[in-house]
Participant: 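Here it is, the structure in full.
Note that this is a predicted model, so its numbers are computed, not measured. Residue numbers begin at 1 in each chain, while the letters A, B, ... track the order of the sequences.
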Number of protein chains: 2
Amino acid sequence: MRRASESADGRRRSTIREVASLAGVSVATVSRILAGTYPASPGTRARVMRAVQELDYVANAHARVLAGNNVSKSVAIVLNSVISPHYAHVAQGVEAQATAEGRLCLIGTTGGDPKRELAIVRHMREQNAEAVILVGNVVADDKYQERMGQYAQALASVGSRLVLCGRRPLGPDVPAVVVEYDNAGGAFAATSHLLSAGHERILCLGRRPGYTTAEGRLDGYRKALAAYNVPHEPGLEAEGMMEWDEGYRMMKERLSTGPQDFTAVFAINDLIAGGAHRALAEHGLRVPDDVSMVGFDDLPPSRDIGLTTVHLPHEEIGRTAVRLALEHAAHGGAPPHVVLGTHLVIRDSVRPRRR
Amino acid sequence: MRRASESADGRRRSTIREVASLAGVSVATVSRILAGTYPASPGTRARVMRAVQELDYVANAHARVLAGNNVSKSVAIVLNSVISPHYAHVAQGVEAQATAEGRLCLIGTTGGDPKRELAIVRHMREQNAEAVILVGNVVADDKYQERMGQYAQALASVGSRLVLCGRRPLGPDVPAVVVEYDNAGGAFAATSHLLSAGHERILCLGRRPGYTTAEGRLDGYRKALAAYNVPHEPGLEAEGMMEWDEGYRMMKERLSTGPQDFTAVFAINDLIAGGAHRALAEHGLRVPDDVSMVGFDDLPPSRDIGLTTVHLPHEEIGRTAVRLALEHAAHGGAPPHVVLGTHLVIRDSVRPRRR
DNA sequence: GGACGAGGTGGAAACGCTTTCACAATTTCG
DNA sequence: CGAAATTGTGAAAGCGTTTCCACCTCGTCC
């Protein structure tokens, strides 16, 4: 009654039925042998294997999912973009762990748009992914709070386990595995490093209210100042997004609108540090000779400029997300919540302050 | 006879049957209304929609694929790693275009290992992906040629359309969409830029026989030398992989084993340029004051150091791959083969040679 | 020497959907 | 005004698997 099943390019895919009849056994036997779930006589096994080889048989994953208990052996990762290095590393970790655990990795990017995120999560839901890993905050637009209710509910009904990486919680009624990292602690260490080198006027680049990551790091910066009894000066906090261009812009503005009233810079992430570094160079200012600088993330390109920065275990974040989600799926219980540590990587971008 | 279908976390997923009975229509009607393929009376449509809302119904993608013509509405991307910026950008392009065309994006990384690549491609094949996009060469180990036969055949029988991005062809019997970019032309422009600034002793970093990308760029470098009548000196070509650490290593070795016998550097990609840049800095050499440098790729971090480099349309490569694959799937014919252009981005890493 | 397990195997239901076919209820037309 | 075309709907087959149940064939035990 129906056209023969064909794959995308018209090549016919052989089915388990064909394998069975070629091997002279029932489909049930083929299925069992391939799954390795039941004993089978060596002779039968050999015949089946030969037939599989002959027909170049590969099981149809969709049929398998449908017939089985609807376990799709896949995890989904949803993030802002893959080109942002931090996200790329996390994605790499997710993919690696997923593959290691025999899962397929689905990926979707949102560009930070809540609507797109929602659409993608819905799409993932159709796929029955075992876990949906949400990485990084979405841009909080004006309708965010309003949308939040519908949003959280939609996410809650994903039916998959939800994992939040470095991201604001969705609400008390939305259970989720959480993988955090110590933003405040790292920023405290970074700022302290500058302070202990004698710097007191430390420009902080990347304030961003409403973004957990930025907020946590700003918090660590302020705490370090307090710990060293250095007065906190709001004018030394520049607002901007966590991107290269923004770092460049913030530093440019700073340098063009007045005298250089700082001796060191704490960039809330390495991207900002990179942009600021470039802006300084264009003004003939050298790091660390003229200005000391510390970043946050420890991304590979930061080595180009010898940036002292806070190391974040990016890939481990991704791996942990998958591992915890799958464990939680297997054992149940309360969704786990971990916070990963950070440490300062000292390179060559800080000099003691000249007096 | 079977347990009720449950999703991963035990939440029950409603089925089309439940929607149908709640709306008081047949499943066929629900299916048609949701697909929008047939007319339906406004009343029925409204009732169905209400039921869908009520039950929070989302179709099961696996069942849909199985029942439909086995079209899975998904494309797969297989690459070395996501953390390498070039690959990340390509992946971003693939994901963006896939989403734009209503497809889901599957992703897998190989670490450059042919065996893992094969395993992943097999996995993708089970999924019935509409296209499998292979990005970048796999490491050519000693058994490569031998394995190539089996390998090409396995890929050929993927049943999905195959797309090769910046990658050596698999063989005449393996039809594939090919998306290339002009490595030789870009390298020619980059080297010419250096030559026209008066540089003659130009160190080329990243020779790598057997790798199409590296070979193409080396070729462009040599051609430019020839065009300017500058004698080609094999000693000025350093061998290494296209990675940061390798760039660092190559430059370190160069500087520590003899006098600095070059005035400019052509790095086969920006990663190498970054590493070399750092090594130069550690030896007190500045770019461009002491050494001129040109890279290849135009990755974002290259802006940190103001690198003049060859721009590659990374994301467009990915988007083109998806677009062509899908078009080819729809219209058939010979698989398309495109080569994308490049252009030089002039920043601040080249100075005319002092005499 | 018959009952009983255990090891293999096959038949068939079920998974959740799409689509073909058939058919009833309209509308349109000569 | 009756026949033909159109429209909306339902029943059921089928997609390619897995798995439950039943069955058969042995070897083993009392």
Participant: When you get a sec, tell me which of D:dT18, C:dG16, C:dG10 is the closest nucleotide to the side chain of A:Arg64?
Facilitator: D:dT18
Participant: Give the rounded distance in Å between these two atoms: CZ of A:Arg32 and P of C:dT9.
Facilitator: 9 Å
Participant: A:Met124 versus B:Leu104: any side-chain heavy-atom pair under 4.5 Å?
Facilitator: yes
Participant: What integer distance in Å separates A:Asn70:CG from D:dT17:P?
Facilitator: 16 Å
Participant: Can B:Arg319 and B:Glu315 be counted as an ion pair, charged N to O under 4.0 angstrom?
Facilitator: yes
Participant: Between the base of C:dG8 and the side chain of A:Arg45, is there any donor-acceptor pair under 3.5 Å?
Facilitator: no
Participant: Which listed nucleotide (D:dT17, D:dG10, D:dT9) is nearest to the side chain of B:Thr44?
Facilitator: D:dT9
Participant: Can you tell me if A:Thr15 touches the phosphate of D:dC15, counting only side-chain N or O atoms and a distance under 4.0 Å to OP1 or OP2?
Facilitator: no
Participant: What nucleotide, of C:dT19, D:dG16, D:dC21, holds the atom closest to the side chain of A:Arg17?
Facilitator: D:dG16
Participant: Please classify the nucleic acid contact of B:Ala35 as base, sugar-phosphate, or nothing, using heavy-atom distances under 4.0 Å.
Facilitator: nothing
Participant: A:Ala28 has a side chain; which of D:dG16, C:dC17, C:dG11 sits nearest to it?
Facilitator: C:dG11
Participant: Between B:Ile16 (CD1) and D:dG10 (P), how many Å, whole number?
Facilitator: 12 Å
Participant: Using a heavy-atom cut-off of under 4.0 Å over every strand shown, decide if A:Val25 touches base, sugar-phosphate, or nothing.
Facilitator: sugar-phosphate
Participant: Rounded to the nearest 0.5 Å, what's the gap from CD1 on B:Ile83 to OG1 on B:Thr109? Could you check?
Facilitator: 9.0 Å
Participant: Using whole Å, report how far CD of B:Glu126 lies from P of D:dG16.
Facilitator: 15 Å
Participant: Give the rounded distance in Å between these two atoms: NE2 of B:His62 and P of C:dT18.
Facilitator: 14 Å
Participant: Below the 4.0 Å mark, does C:dG8 have OP1 or OP2 next to a side-chain nitrogen or oxygen of A:Thr29?
Facilitator: no
Participant: CG of A:Asn128 versus C1' of C:dG16: gap in Å, rounded?
Facilitator: 11 Å
Participant: OP1 or OP2 of D:dT18 sitting under 4.0 Å from any side-chain N/O of A:Ser31?
Facilitator: yes
Participant: Out of D:dT17, C:dG11, C:dC17, which has the shortest distance to the side chain of B:Asn60?
Facilitator: C:dC17
Participant: Considering all heavy atoms of both residues, which atom of A:Leu162 and which atom of A:Pro175 are nearest to each other, and what is their separation?
Facilitator: CB-O, 4.1 Å
Participant: Compute whether any side-chain donor of one residue and acceptor of the other, for A:Ser41 and A:Thr44, lie under 3.5 angstrom apart.
Facilitator: yes
Participant: Nearest to the B:Leu66 side chain among C:dG10, C:dT19, C:dG16, which nucleotide is it?
Facilitator: C:dG16
Participant: Tell me the closest heavy-atom pair linking B:Asn128 and A:His62, and the distance in Å.
Facilitator: CB-NE2, 4.0 Å
Participant: Between C1' on C:dG16 and CG on B:Leu34, what's the gap in Å once rounded to a whole number?
Facilitator: 13 Å
Participant: Whole-Å distance between C:dC17 P and B:Glu18 CD?
Facilitator: 9 Å
Participant: Starting at the 5' end of DNA chain D, which residue's closest nucleotide do you reach first, B:Ser41 or B:Ala63?
Facilitator: B:Ser41
